[in-house]
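Notes follow once the structure below has been shown.
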Amino acid sequence: MMDSFVFPGLTTRVVFGSGTMAQAAEEVSRLGHAKALVLSTPHQKGEAETLAASLGDLAAGVFSGATMHTPVEVTEQAVAAFRESGASAVVSLGGGSTTGLGKAIAVRTGADQVVIPTTYAGSEMTDILGETAAGEKATRRSPDIRPETVIYDVDLTLSLPVSLTVTSAMNAIAHAMEAFYAPDRNPVIELMCRDAMVAFRDGIPTLIADPKDEKARAQALYAAWCCSTALGYVQMALHHKLAHVFGGSFETPHAETHAILLPYTTAFNEVAVPELLAPLADVFGGGSAGGGLWDFAKSVGSPLSLKDIGIAEGDLDRATAIAVKNAYSNPRPIDPGSIRELLQTAWEGRRPGG
Ligand code: NAD
């Protein structure tokens, strides 16, 4: 018998395809704006300038200072640039860092957001904003944070380096994994997550061989949209908490941290809800969801151990203490001993699961 559920509907308009960045002007106008500020990281400034040129009179300029973890000092500069430019909307071109800056501007000014994602991190469909002030990262959710329009342009992902392609895809799969046991899960999100995992499983090996394979890039970006939707519409648990602990308190890189933790957090929760994680075991093989994900990660060259990203064995006690403080709800009870054990396995990079 099917469990009861609530499907909240999806509020963000999505435009998907190749060459769709050319529709940015139309999408800004569609939202009723006469001026939009284009946002990017310093690394993607050139692409942002090309985009601004294509917006013509709608462009209010480019702010290219976006950086990881959305520091409030950068946001303050960006808000000043936004106000000075006369814009009433932003167009965020880039990965999660740029999307984060657009959200931070929107929540302070009421600006509408058109987001053009270029990684698989998945911030674009969510109402979540993580910001760093005085060295501490805090996360909040609000309907004002969720972007109005997302333009997925496959062409923009052709330049994504192979290593970031792999770790960003694992970051996306982590959203799907936690969606399967979310207390507010629903059949629409589950369908999207199953489809996304198959698309990543089949698309990533092709992209390692040829990063410019357009069909595989389209498959991967479609999968990223599905996973971002899962992140934006159902609750996340232990996996995201641990990624937040390492990113926030040990400054580990975002996508790699998710990629490393995923097989271990999956195996940890699989003990409590094997039936809910069975779709992952089906897609990735290996006899268990955690083991199958570890095998997949290894086969695509994804990093497998916390020591690979500079975590010392002596850091694991502190990480455990932070993780069990204000722990998120989770299908398996969280206690210091079992979390410490999970982190030890992840630090050593040992294959988890059966
Ligand atoms: P990122 O946005 O920091 O990008 C990493 C680097 O890759 C940057 O220099 C960027 O310019 C470059 N890059 C991006 N796309 C490229 C492309 N197609 N070709 C070449 N270079 C490219 O990394 P990310 O992993 O996308 O995002 C991480 C950040 O996003 C973190 O701060 C994380 O907290 C946040 N995030 C937030 C949410 C949310 O819902 N709030 C969700 C996911 C991630």
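We use all heavy atoms of the structure for the numbers below, so side chains are in, but hydrogens, waters and symmetry mates are not. In listed order, ligands and their atoms are each counted from 1.
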For Q77 and E73, does a side-chain donor sit closer than 3.5 Å to a side-chain acceptor?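 Q77 vs E73: no donor-acceptor pair found between side chains.
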Distance-only side-chain donor-acceptor flag, Y233 / T11, under 3.5 Å: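 On atom types as modelled, these side chains qualify, holding a pair under 3.5 Å.
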Report the part of [X] in contact with ligand 1, treating N, CA, C, O as backbone and CB onward as side chain, heavy atoms under 4.0 Å; options are side chain, backbone, both, neither.
X	result
T67	neither
T118	both
T139	neither
I128	both
H254	side chain

When you check the gap from the basic side-chain N to the acidic O, do D295 and R351 get nearer than 4.0 Å? yes
Looking only at distances, can you tell me whether any N or O atom of N171, backbone or side chain, sits closer than 3.5 Å to an N or O atom of ligand 1? no
Minimum heavy-atom distance L242-I339, with the two atoms named: CD2-CG2, 4.4 Å
Quick one: look up the protein heavy atom nearest atom 22 (C) of ligand 1 and list residue, atom name and how far away it is.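 Of the protein heavy atoms, Q44 NE2, 3.7 Å lies nearest.
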Under the salt bridge (Lys or Arg N to Asp or Glu O under 4.0 Å) test, residues paired with E131 that sit two or more places apart: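 Here the qualifying residues are R108, R140.
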Check the orientation of H258 and H239. Use parallel for under 30°, tilted for 30 to 60°, and perpendicular for over 60°. tilted
